Amino acid sequence: QLAVRAAVMSHDGVVQVIAPAGSGKTTVLVARVRELVARGVPSNRILCCTFNRAAAAELQARMGQAGIESVEATTFHAIGRKILKEADLLRGEPIPLSFGHWRRLAKQAMDETPDGVWIDVPSAKDQISDLKLGRMLTVDEFAQIATSPSELTLAELYRLYEAALAEQERMDFDDFIFLAVRLLQGDAETRRLWQGEFTAVLVDEYQDIEPAQELLVQILAAPDDLLLCVGDEDQCLYAWRRASVERVIELDQLYPGLERHALARNYRC
C-alpha cells in the first residue's frame, strides 16, 4: 500500500510504475487520475492510453466507478485516427488486402526489381508494418536507402502496396499511428494544438509499446511531460511486434527527472 500511495502521490512530471501482474496497476492508474484532478488538472485534459478496445473500455468503466467519467480512455490507434480526422486526412476505413492481392503485389515487385526476390505474404506484411511503426519511413525515404536486392524489392512492394491503398481510397491500421506521428512531427501548428489538448498523459502496459506509439505519447505529453507509464519488464509480450523491454528499463535516460516506483506484491496469488 505504501508503494501504491507513493506512485499516486508522486511529482508533476514523468512517473514510471513497475507493476507485475496482480499488483494493482489499474488501481494506481485510476487513483493517479483522481489525484491529478485534485491537483487542478481538468478531467477532460487527461488522456489514458492502452492497447486495445477491451482494455480501454475496462479502464473507462473503472474511472466511471471512481466518479471521473469525463477522462478519456482510448487506444493508441483511436487517438491517431482522431488526429488524422481533425486534420481531414482520413482516407476510408482500414480493410486488409486479400491474400491473393498481396501475392500479386509481391510477384509484381519481384518482376519489376533488378535481381528481385520473392517476399512471402506474411513477411511482406510484417516488413511493411516495421517500416511504418518501427523505422517510421515513407515509401520515398526507404527507397532512398534501400541497397540490397531484398531491400530494393521491399521498397518496390511498399510503393505498390501504398498505390493499391490509394487507388481504393483507404489506409491500413498502422497508418492511424504512422501518419499521425508524421503529421505531428512535420506540422508545428497541429503539434501545438494537440499538445494543448492534454495536460496529462497516462499509459498502461508500457512494456508492449512500439517505437511509433512511444513517439506519439512523447509528442502529446510534451512540453510539460506530465506523464505516467505503467509497465513490467518481465511481461514484454510483443517483442515480435517491435516492443522492447529496454523501453521500460531505460526510460530514465530519456527523462532524467523520472520518478520510478515498484509495486512488489501480487494480490492475486
Side-chain angles (χ1 to χ4, degrees), residues 16-33 44 46-66 68-86 90 92-97 122 125-126 128-134 136 170-181 184 194 197-198 200-221 227-245 247-248 251 263 266 268:
Q16 183 183 45
V17 178
I18 305 299
S23 61
K25 64 182 180 61
T26 304
T27 299
V28 168
L29 273 167
V30 173
R32 177 64 171 175
V33 170
N44 62 350
I46 298 174
L47 173 67
C48 295
C49 285
T50 188
F51 282 83
N52 57 58
R53 293 178 182 177
E58 178 184 354
L59 182 55
Q60 192 80 64
R62 289 282 296 271
M63 290 192 294
Q65 293 167 5
I68 42 181
E69 295 91 345
S70 58
V71 172
E72 183 175 11
T74 188
T75 65
F76 298 107
H77 288 87
I79 190 64
R81 184 185 187 282
K82 187 175 181 180
I83 290 169
L84 295 176
K85 183 177 181 180
E86 291 291 326
L90 274 184
E93 293 299 329
I95 303 173
L97 299 185
K125 292 180 179 180
D126 288 344
I128 289 177
S129 184
D130 185 64
L131 289 174
K132 291 185 178 186
L133 298 185
M136 288 172 275
R170 57 171 139 159
M171 53 180 53
D172 66 20
F173 203 52
D174 292 341
D175 285 333
F176 285 164
I177 296 187
F178 173 57
L179 297 180
V181 168
L184 293 173
W194 281 98
E197 189 76 11
F198 304 111
V201 179
L202 300 88
V203 183
D204 193 12
E205 305 291 3
Y206 199 84
Q207 77 279 352
D208 292 331
I209 204 167
E210 300 184 77
Q213 293 169 338
E214 185 176 48
L215 186 52
L216 178 63
V217 166
Q218 291 168 0
I219 293 172
L220 293 176
L227 174 64
L228 173 72
C229 303
V230 180
D232 180 11
E233 71 271 25
D234 292 331
Q235 296 186 68
C236 189
L237 302 178
Y238 297 109
W240 56 271
R241 203 193 58 189
R242 298 165 294 276
S244 169
V245 67
R247 293 197 183 90
V248 175
L251 192 61
L263 309 183
N266 185 336
R268 294 178 190 166

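Since this is a predicted model, take the numbers as computed values, not measurements.
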Q: In a table with atom names and distances, give each donor-acceptor pair under 3.5 Å that connects a side chain of residues 71-83 to protein atoms at least two apart or in another chain.
A:
residue : atom : partner : partner atom : Å
Thr75   : OG1  : Ala78   : N            : 3.0
Arg81   : NH2  : Glu93   : OE2          : 2.5

Q: Hey, are Glu58 and Gln60 close enough side-chain-wise for a donor-acceptor pair under 3.5 Å?
A: no

Q: Are Leu179 and Lys132 side-chain neighbours, meaning at least one heavy-atom pair lies under 4.5 Å?
A: no

Q: What distance do Thr50 atom OG1 and Tyr206 atom OH have between them, rounded to the nearest 0.5 Å?
A: 13.5 Å

Q: Spell out, as yes or no, whether a donor-acceptor pair under 3.5 Å connects the side chain of Asp172 to the backbone of Asp175.
A: yes

Q: Taking the side chain as C-beta and beyond, is there a heavy-atom pair between Leu29 and Val33 under 4.5 Å?
A: no

Q: Which pair of heavy atoms, one from Gln213 and one from Ile177, lies closest together, and at what distance?
A: CG-CD1, 3.4 Å

Q: Not counting sequence neighbours, which residues clear side chain to side chain contact (heavy atoms under 4.5 Å, CB included) with Pro96? List them please.
A: none

Q: Taking the side chain as every heavy atom from C-beta outward, state whether Met171 and Leu84 have any pair of such atoms under 4.5 Å apart.
A: yes

Q: How many angstroms lie between CG in Leu228 and CZ in Arg32, if you round to the nearest 0.5 Å?
A: 6.0 Å

Q: Give, for atom CZ of Phe176 and atom CG of Leu216, the distance between the pair rounded to the nearest 0.5 Å.
A: 13.0 Å

Q: Look up atom CG in Leu263 and atom NZ in Lys25, then write down how far apart they are to the nearest 0.5 Å.
A: 10.5 Å

Q: Do you know which two heavy atoms are closest between Pro211 and Gly134, and how far apart they sit?
A: CB-O, 3.7 Å

Q: Atom CD1 of Ile128 and atom CG of Asp174: how far apart are they, to the nearest 0.5 Å?
A: 10.0 Å

Q: Could you state the interatomic distance from CZ (Arg62) to SG (Cys48), rounded to the nearest 0.5 Å?
A: 12.0 Å

Q: Is Leu202 close to Val230 at the side-chain level, that is, under 4.5 Å between some pair of heavy atoms?
A: no

Q: Under 4.5 Å between any side-chain heavy atoms of Gln218 and Leu215, yes or no?
A: yes

